[in-house]
Amino acid sequence: MRNHDSAIVARSVAVPAPVTPSGERRKGTALAFLGVLAFSGSFPATVYAMRGFDPWLVAVGRAVIAGAIALVCLKVARLPLLPPRERWPAYALISLGVVFGFPVFSGLALDLGATTAHSAVVIGLLPAATAACAVVRAGERPRPLFWAACAAGAAAITAFTFTRGQGTANAAWADLLLVGALLSAAVGYTEGGRLSRDTPGWQVISHALVLSLPLTVPVTAVLAATTPVQPSTEALAGFAYAGVVSMFLGFLPWYAGLALGGIARAGQTQLTQPLLTLVWAWFLLGERFGPATVAGALAVLACVAVTQRTRT
């Protein structure tokens, strides 16, 4: 009897306490926010890069920079350079969404005159679009309160950004391009988060980038040879940030966070990205904004808090 009791005690001590779902969600949210922090500098970096390079070259060339890093990382880790063939369609969607779609559409919108603040509207609406894609592609089923908070957050961000006083000669075309960027990113984020459930996030983005190299490398070479290039310090710095941070490093915690916290829920941390982007725009580009920033920040944070507490 004593041996039986000792065995029970030994088993109870040897078995570690499992990670609770709520703990995984909190970790996923924290990781997703690190990704958002990295992405928040994308628009200012793109503005800097386009001061010395063609917008098409910036959009496609940054994928070459990131693809080279991904290639080295996969080689060092002694992993296959390409994903399993049966997953190529999913990786094609990731590439179309975040390697080509979002950089091209958003870069062209900025080139047409859309300000950083106006472009931040697309980031404010992106969590709602990502959640909708998660319902279709990843089988997530958020409760009604989740959708209500998501809609409120999107509305708050839209109202906040439009108080910045928008309006350019090509505003209509720029807005269409921003919608294209929104849809592209939502699809790419959803597919990447779905694959990251059983594949490390850095491998997911690395494989997507490597699969794109046969197209991004020759296009970048042609653009570099046929478009004006004025490599100033700020243009090179912006280009480097867009390629290294926005296109690669930011996706490492981002995809991991979506996998752990749920694509729809963890994706709501991106509601804070427009506010972070405006901080960078103020610090780097000299943009000014008033008390509306505080009101917008409080509204967004409240909505994010609700989405994080709403179970699927």
**Study point:** Pair Y189 and W254, ring centroids less than 6.0 Å apart
**Key:** yes
Check your understanding: How long is the gap from CG on L178 to CG on L126, to the nearest 0.5 Å?
Key -> 11.5 Å
**Study point:** Point-to-point distance, once rounded to the nearest 0.5 Å, from CG of L182 to CG of L177
**Key:** 12.5 Å
Exercise for review: Quick one: which residue pairs count as a salt bridge (charged side-chain N to carboxylate O under 4.0 Å, His left out) with a foot in residues 71-98, not counting sequence neighbours?
Suggested key: R87-D198
Point to revise | Heavy-atom neighbours of W147 CH2 exceed 12 at 6.0 Å | key: yes
Point to revise | Same apolar cluster (I L V M F W Y, side chains within < 4.5 Å links), M247/L71 | key: yes
Check your understanding: Do the non-hydrogen side-chain atoms of T46 and Y241 ever get within less than 4.5 Å of each other?
Key -> no
Exercise for review: Give, for atom CD1 of I205 and atom SG of C73, the distance between the pair rounded to the nearest 0.5 Å.
Suggested key: 12.0 Å
Check your understanding: side chain to side chain contact (heavy atoms under 4.5 Å, CB included) between L236 and F53: does it pass, once the steps are laid out?
Key -> CA-CA 9 Å; L236 288 172; F53 301 95; 3.8 Å; yes
Check your understanding: Nearest heavy-atom pair of P253 and G250: which atoms, and what distance?
Key -> CD-O, 3.4 Å
Point to revise | L195 side, atom CG; L93 side, atom CG - distance, nearest 0.5 Å | key: 9.5 Å
Exercise for review: Take F100 and V219, measure what side chain to side chain contact (heavy atoms under 4.5 Å, CB included) needs, and give me the verdict at the end.
Suggested key: CA-CA 12 Å; F100 294 103; V219 170; over 6 Å; no
Check your understanding: Hey, does L96 have a side-chain heavy atom less than 4.5 Å from the side chain of V187?
Key -> no
Exercise for review: For S119 and L110, run side chain to side chain contact (heavy atoms under 4.5 Å, CB included): C-alpha distance rounded to whole Å, both residues' side-chain angles, the deciding distance at 0.1 Å, then the answer.
Suggested key: CA-CA 7 Å; S119 300; L110 289 169; 3.3 Å; yes
Point to revise | Beyond-backbone contact of P44 with T277, side-chain heavy atoms, under 4.5 angstrom | key: yes
Point to revise | A242: side-chain contact (heavy atoms from CB on, under 4.5 Å) partners, not counting sequence neighbours | key: R62
**Study point:** Derivation of the side chain to side chain contact (heavy atoms under 4.5 Å, CB included) call for L209 and L213
**Key:** CA-CA 6 Å; L209 288 164; L213 284 176; 5.9 Å; no
Study note, to complete from the structure: Interatomic distance, CD1@I65 vs OG@S246, rounded to 0.5 Å, equals 10.5 Å
Study note, to complete from the structure: For G107 and P55, the nearest pair of non-hydrogen atoms, with its separation, is O-CB, 4.3 Å
Revision key, fill the gap. Looking only at heavy atoms, the pair that brings A90 and R194 closest together is CB-NH2, 3.8 Å
Point to revise | Residue pairs passing the side chain to side chain donor-acceptor pair (under 3.5 Å) test where at least one lies in residues 203-226, sequence neighbours excluded | key: S95-S212
Check your understanding: Considering only heavy atoms from C-beta outward, does the side chain of L285 approach that of W280 to under 4.5 Å?
Key -> no
Exercise for review: Check the hydrophobic clustering (I, L, V, M, F, W, Y; side-chain heavy atoms under 4.5 Å; chains of links allowed) and say if L37 and F283 are grouped together.
Suggested key: yes
Practice item. Answer yes or no: are there more than 12 heavy-atom neighbours, outside W202 itself, under 6.0 Å from its atom CH2? Key: yes
**Study point:** Euclidean distance, L211 CG relative to L82 CG, rounded to 0.5 Å
**Key:** 5.5 Å
Point to revise | Partner set under ring pair (Phe, Tyr, Trp, His ring centres under 6.0 Å) for F248, not counting sequence neighbours | key: none
**Study point:** ILVMFWY cluster, V222 and L57 together (side-chain gap under 4.5 Å)
**Key:** no
Review point. Are L215 and V99 in one and the same hydrophobic cluster, where Ile, Leu, Val, Met, Phe, Trp and Tyr link if side-chain heavy atoms are under 4.5 Å apart?
Key: yes
Practice item. Measure across A174 and L112 and return the closest heavy-atom pair with its distance rounded to 0.1 Å. Key: N-CD1, 4.0 Å
Review point. Just wondering, do M50 and D111 contact through their side chains at under 4.5 Å, heavy atoms?
Key: yes
Practice item. Answer yes if the ring centres of F251 and F39 are under 6.0 angstrom apart, and no otherwise. Key: yes
Check your understanding: Taking all atoms of both residues into account, what is the closest heavy-atom pair of Y48 and G238, and its distance?
Key -> CB-CA, 4.0 Å
Study note, to complete from the structure: Sorted by chain and number, sequence neighbours left out, side-chain contact (heavy atoms from CB on, under 4.5 Å) with S184 holds for F105
Check your understanding: Can you get from L176 to L183 by hopping between Ile, Leu, Val, Met, Phe, Trp and Tyr side chains that sit under 4.5 Å apart?
Key -> no
Point to revise | Qualifying salt bridge (charged side-chain N to carboxylate O under 4.0 Å, His left out) pairs, either residue in residues 33-52, two or more places apart | key: R51-E234
Review point. Considering only heavy atoms from C-beta outward, does the side chain of F33 approach that of L276 to under 4.5 Å?
Key: yes
Exercise for review: Provide the closest heavy-atom pair for F239 versus A49 in the form atom of the first, atom of the second, distance.
Suggested key: N-CB, 3.6 Å
